[in-house]
Each structure stands twice: as C-alpha cells, then as structure tokens.
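When reading the values below, keep in mind they use all heavy atoms of this one structure, side chains included, and skip hydrogens, waters and symmetry mates.
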Amino acid sequence: MTTSRPPIVRSKLRAPAPTPDLVVRMRLITRLLESSAPIWVVTAPAGFGKTTLIVRTLEEAEEVWGVRTAWVSVDRADGNPARFWTHVVAALVEAGVAADPAIGPLLDDDVDRALDEIVVAIEAIPTTVVLVLDDVHEIEDERVLLGLERLVARPPEGLLLAMTTRHELDLGLARRRLHGDVVELSAVDLAFTAEEGRRALAVELGSGVLDDDAAAELVSRLDGWPAGVRLSQLALRSDAPASLDAITGSSPEVAAYLASEVLGGLSADVRDFLLDTSILMDLTPGVCDSVSGRSDSLAVLRTLAADQVFTSLVDPATSTFRLHRLFREFLVGEAAERPPEEMEDLHRRAMRWSLAADDLDSVVWHAVSAGEHEVALQAVGERLLDASNRGQIDDMWRWINWIGTERVLADSVRAALPAWVSLNQRRYDEIDPWLDAIWMVEGVSDDHLRLFAVHAGTIRASRDRHLGAIASAVESARQAVELADDAAPHWTIVSTVHATLAQVLALAGDAAAVDAARVAIDLAGEAGQDPPLVMAYGALGMALDDPIAAGAAADSALSFVTSTDLERFHRPAMPWLVKAQVAFDEGRMADAEHAVERTIEIATIGDE
C-alpha cells in the first residue's frame, strides 16, 4: 500500500472570481453573515448563483471578521476518501490553517485519523476558519459522505462549514437544524426579485432597452432564475428590436445551457421520462404513469424535486409537480426531434387520461396534438355551455384556436356554440365576427348553412333584445323562424327560435306575440325542452292583457326552471317581470318588490 498522497489539483482550491456585472444581493449576504449558525447550506438548481453568493459573502466576511477561507471545488473525480480529504487538507494549508507536514499522508483506510488531525489544526487557529465545499452534490462515495457527516456532527470550534449543492443533503443535518446550527438558502431565496432582475438587465442591456414593466414580466416568466436572466441578456442583445418573445427554453443560449448543465447530468432513464412527460403542464403520478408507461412516476418526480432538477412540488395533497417554465419549453423542443408518430401516441395517452379526469383543457390540447380533432370537437361541444357557466369564456376561444376556426365552423352540430357562449357572457363584439366567418369555410353543405343561419338569426335577435334594439331583434327572429320552419323538424333549435320571436314581439307590444308564444309552447312541449318553455310562457304572460292569465303563464314558465343554468342564460327574467307587473296591478307591493328584485338579479347575471 502506497503512502503517497493523490495529486493535488490546485485549481480546485481557488474560488472562482464573480462576474463583475452581477447584482450583489445584500439581502442574502446579510442573512448569512447575521446568522450564528456554524453550517451554511445553499441548495438550488444550476444557474441560481450559489457559488457567486458564497464568494461575495466571504469577501464581506474577510473584511468584517478577518476570517480565513479554505475552498474546495468538488467534482465527480472526488470518488474516494483519499482524493477528497487530500484536497480539503491542501485547502486548509493554503489558507494558513496548518503547515503542510502537520497532517500526515491520507489513505483510503485512514480518513478517521485525518479528520482528527484536521479538527486539531482548525482548533489551534484563533480566528474563524471557513471551509467551503462547492458542489457537494458531486460526491457519491458513501465513505466520503460518512466522513462529512462526522464533520457536520462534531465540527471543531472556530469552523464555519459552507456547502453548495444542487441536491438536498442529509449528512445528519436534521439533528443540527433542531439546535439552530444550520442556515439554509433555497432556490426560492436565490431567485431574483423583480428589482434585482431589473438591475441585472439594465447593467447588461442599458436602461432604455426594457422598461420596468417588461423587465418585471421577464423575471416573472423566468421564475427569477438568475442564469435565465443572464441568458436572456444574450438573446435580447442579438434580437433587434428587443422582444420578450425571444426568450424561451428553445432559445439557443438557454437550450445549450440546459442541455449541458441539467439534462446532460441525468441518467438516460430519467431523460426519457422528462421528454415523455414534457407534453404535460402539471405532473401527477397517475398521468405520468399513463403517458410514460411506467409505474414509479411518483418516486421519479420526488427525486427530481429533491435533486432540484427544475422540478417543484406545487400541491402536496394531489402530489402535483411542475417543471420550471423554461426547462419545460426546452424539453418540448428536444422531444420535437422524435418521430411524429411517437409524440402523437404520447398525446393520445394523455388525452385518454384527461377524458377520464374530465380535464377539458388538457383533453382538447392533447387531442389536437394527437390529430384526434373529432374527439376535441365532441369534448368541447358536450362541455362548452357548462364551461361558459363557470366563466371560462377565454378558455373557449383558446380551445377553438387549438382546434382551428374552420374545423369548428365546418362541424354542423357545434358550429354556432361559440356565438351562443359569447351571447351568454354578453361579449357582444365577438358574435358577428364568428357568425360571419362561416362564409370563409369551403365545402360546407347547404343544410349546414341553413341550420347555421337559423342559429345566427336567433343569436342576433337575442343580442339585440339585450341591447334594446327591439325592431332589429324582431327582424332577425322572423328571418330565423322562416328558415327553421322550412327545415327538418328534428332540429332542436326550432322551438328556441319561435320562443325568441315570441319574446321580442312581446317586448315590441305586438299582438302577434300571443300566437307566436303558443306555437313555441307546443313545439317545446313535444320536444320536451324546458328552456324554450320558460321563454315562451314568459312571453305569453307579457303579451296577455288578462292579469290572471298573465300571472298563470308566468307561474308556468317558472315551473320549468329546474336548473340555475337557466338563470345564467337570463331566461327566467321575463316571467319574473310579468309577476312583478301583475302584483303591482293587484296592489301587492311586497310581492311586486320581490319579483322586481329577482328580475334584476337574473337579468344582471354575468355583468361586470
């Protein structure tokens, strides 16, 4: 057995010089220096400025405290105790903690003696000794880790142990935390604040390239990732004029960094998992198992989060994880290099999972990505009005953009649904552009155009009624009725068209409203449709001169209000208004007041 030390790589013993233009973050430096804890642990993914923070902090500490610093940059070659501890000893010698011969030659089986001698050497120095172990996550040898755990458990008096790592460390730290002996900083702490990010961008780009709002938006998009801010500077300098759209995970500067610093350090198995699941926004064990075809997704996700691989646990109750935005964008770009049929199959698996989970947003996205447009159309058609009732109007337009306007308009069953939803949400400016777009779609049958025109007339009549343009509403409703009466009787819209005409005629004071309402009642009764019955009976009540008959019609209308969805579409407003008028005419002021309140309540649902 040789007694010679492993060769010493001197470059490992020198702290890297911080980049001059980086923002000095005194909030973090102060937090470390004001702590009395003898152990510092800084844990964050690549590019969060862990090393730079320690360097800057020690510059302050040397000036204020007069400490001695021993620095070791750990790498994967530190795979045995002799090599690792030899470099620790060499760092202490360079820091003037001990003369070189004071600690004897280190052998793999003689680490305990070396640790004892290190402790003695440190305790002999009257000033604080800071031992920095940079990138401790590179250590995999259990013997080295056991030695470190011993140093953590019984540190010598006067030692401040500072460690940076991309992964969470054990090393017996839990016991030291109980005694307040550890100060820890995480990625959340190291993330740039909006102000820090603005200052960093201004240093590199100049103050006029991005205004404060744009800088804050960029820092938010990057989740405060300092390296991302630096890489963004490079991208923005090469993009004229500067545009935040240039900053994505697929930007050459960002992609190259993530490929080498993050993805390159993972096993092939984990890389495949990340590429498979990059199609998902939220990562839960079930959907990840379904997409990746494995059964240990929860364990993999927990490891990724613990190892700080740009993966965060966002909901412990559901074990939902999420990737950093740029990292996911990078993975999506990498996955796009796979054969298209492979990616379509992954999306198809995610689609089936999302259907079972009733996650409409995910269903549409994955169905479209898998080329399953009919599945997307069916899912939207079945759930669109419910989604509208929940206020998901912007979601609707996103789904339509994903599916494609022409595909939706070419679908005879669902073509008019977006306009109905816009009517429901009182976003009237969206109605005509959608209804007029049908004429731009090629290959649409005459029957489809006729049915669409019936819907269009009914929607426009309802919109104009809302806006008080009653004459225009009557004209649109009459045209829709003429088209509907010539159409196939199985159209479910027919009774709604007649009920709409009855409503606008009643509001216009036209006696024809009575006959129109009765026709609508007969049609809706035969079809078993409650919504048009509510509308038609309400119109009948408004058109009748006999208060008793009018009140009875209003009561009939309200008897069909079996769902709050009908209130969402304002249909019970008219019968309540009739009840208010009847009660007022009969001198029942309290009842009239209540009916007016209900009318206003229902009529204003959805107002801002």
- request: Nearest 0.5 Å please: distance from the CZ atom of Arg325 over to the CE atom of Met281.
  value: 8.0 Å
Sidechain-backbone polar pair: Thr193 side chain, Glu196 backbone, donor-acceptor under 3.5 Å: yes
message: Quick check for you: to the nearest 0.5 Å, what is the distance between Leu331 atom CG and Glu329 atom CD?
response: 10.5 Å
- line: Sorted by chain and number, sequence neighbours left out, salt bridge (charged side-chain N to carboxylate O under 4.0 Å, His left out) with Arg271 holds for none
field: From CA spacing to verdict: side-chain hydrogen bond (donor to acceptor under 3.5 Å, both in side chains), Thr69, Trp71
entry: CA-CA 6 Å; Thr69 300; Trp71 186 286; over 6 Å; no
query: Under the 3.5 angstrom rule, does the side chain of Lys12 hit a backbone N or O of Val72 as a donor-acceptor pair?
result: no
- prompt: Is there a donor-acceptor pair closer than 3.5 Å between any side-chain N or O of His87 and the backbone N or O of Arg10?
  reply: no
task: Kindly write out the residues that satisfy side chain to side chain contact (heavy atoms under 4.5 Å, CB included) with Glu337, not counting sequence neighbours, or none if the list is empty.
output: none
query: What's the verdict on salt bridge (charged side-chain N to carboxylate O under 4.0 Å, His left out) for Arg83 and Asp141, showing C-alpha distance, side-chain angles and the deciding distance?
result: CA-CA 11 Å; Arg83 175 183 166 85; Asp141 189 285; over 6 Å; no
- prompt: Distance-only, no hydrogens or angles: does the Ser220 side chain make a donor-acceptor pair with backbone N or O of Ala216 under 3.5 Å?
  reply: no
query: Can you tell if the side chain of Cys288 reaches within under 4.5 Å of the side chain of Phe273, non-hydrogen atoms only?
result: yes
message: Looking at Arg27, I want to see if its CZ is surrounded by more than 12 non-hydrogen atoms of other residues, nucleotides or ligands under 6.0 Å.
response: yes
- request: Only counting residues at least two apart or in another chain, list the ones meeting ring-ring contact (aromatic ring centres under 6.0 Å, His included) with Tyr257.
  value: Trp225
message: Would you say that Leu173 contacts Leu169 through its side chain, given a criterion of any heavy-atom pair below 4.5 Å between the two side chains?
response: yes
Test applied, side-chain contact (heavy atoms from CB on, under 4.5 Å); reference residue, Asp361; option that passes from Val364, Val363, Asp359: Asp359
task: List in chain and number order the residues that pass side chain to side chain contact (heavy atoms under 4.5 Å, CB included) with Pro339, two or more places apart in sequence or in another chain; answer none if no residue qualifies.
output: Glu341, Glu342
statement: Across all chains, not counting sequence neighbours, the side chain to side chain contact (heavy atoms under 4.5 Å, CB included) partners of Asp269 are Ser267, Arg294
Distance in Å, Leu131 CG paired with Leu160 CG, rounded so as to fall on 0.5 Å steps: 9.5 Å
message: Any side-chain to backbone donor/acceptor pair from Glu138 onto Asp75? Under 3.5 Å, distance only.
response: no
task: For residues 151-169, pull every pair meeting side-chain hydrogen bond (donor to acceptor under 3.5 Å, both in side chains), keeping only residues two or more places apart or in separate chains.
output: Asp134-Thr164, Arg166-Glu261
- prompt: How close do Leu258 and Leu326 get, heavy atom to heavy atom, and via which atoms?
  reply: CD1-O, 3.9 Å
- prompt: Can you name the side chain to side chain contact (heavy atoms under 4.5 Å, CB included) partners of Pro156, sequence neighbours left out?
  reply: Val119, Ile122, Glu123, Leu151, Leu159
task: Supply the atom-to-atom distance Leu346 CG to Leu275 CG, rounded to the nearest 0.5 angstrom.
output: 10.0 Å
query: Do Ser186 and Thr43 come close enough that some side-chain heavy atom pair is under 4.5 Å?
result: no
- prompt: Does any pair with a residue in residues 277-308 pass ring pair (Phe, Tyr, Trp, His ring centres under 6.0 Å), and if so which ones, sequence neighbours excluded?
  reply: none
- request: Determine whether Leu53 and Arg56 make a side-chain contact, defined as any pair of heavy atoms from C-beta on separated by less than 4.5 Å.
  value: no
field: Lys50 side chain to Pro45 backbone, donor-acceptor under 3.5 Å
entry: yes
query: Under 4.5 Å between any side-chain heavy atoms of Phe84 and Ile139, yes or no?
result: yes
message: Return the CG to OG distance between Leu231 and Ser251, rounded to the nearest 0.5 Å.
response: 9.0 Å
Residue pair Thr57 / Leu33, side-chain heavy-atom distance below 4.5 Å: yes
- prompt: Under 30°, 30 to 60°, or over 60°: which ring-plane class applies to His347 and His366, parallel, tilted or perpendicular?
  reply: tilted
task: Would you check if the side chain of Arg25 reaches a backbone N or O of Leu190 as a donor-acceptor pair within less than 3.5 Å?
output: yes
- request: Mind checking salt bridge (charged side-chain N to carboxylate O under 4.0 Å, His left out) for Arg176 and listing every partner two or more places apart, or none if nothing turns up?
  value: Asp181
- prompt: Donor-acceptor pair, Ser290 side chain versus Gly286 backbone, under 3.5 Å?
  reply: no
field: Rounded distance (nearest 0.5 Å) linking atom CD1 of Ile39 with atom CG of Leu161
entry: 6.0 Å
task: Sort and list the pairs that fulfil ring pair (Phe, Tyr, Trp, His ring centres under 6.0 Å) and have at least one residue in residues 26-45, not counting sequence neighbours.
output: none
query: Could you go step by step and tell me if Glu184 and Arg177 meet the salt bridge (charged side-chain N to carboxylate O under 4.0 Å, His left out) rule?
result: CA-CA 9 Å; Glu184 298 175 276; Arg177 289 188 189 103; 2.7 Å; yes
Residues Arg175, Glu149; criterion salt bridge (charged side-chain N to carboxylate O under 4.0 Å, His left out); working and verdict: CA-CA 11 Å; Arg175 293 188 297 274; Glu149 187 170 347; 3.7 Å; yes
message: Run the salt bridge (charged side-chain N to carboxylate O under 4.0 Å, His left out) test against Arg349 and tell me which residues pass, sequence neighbours left out.
response: Asp345
Mind listing the side-chain donor-acceptor pairs of residues 302-312 below 3.5 Å, one per line with the distance, residues two or more places apart or on another chain?
| unit_1 | atom_1 | unit_2 | atom_2 | d |
| --- | --- | --- | --- | --- |
| Thr303 | OG1 | Ala299 | O | 2.9 |
| Thr311 | OG1 | Val309 | O | 2.8 |

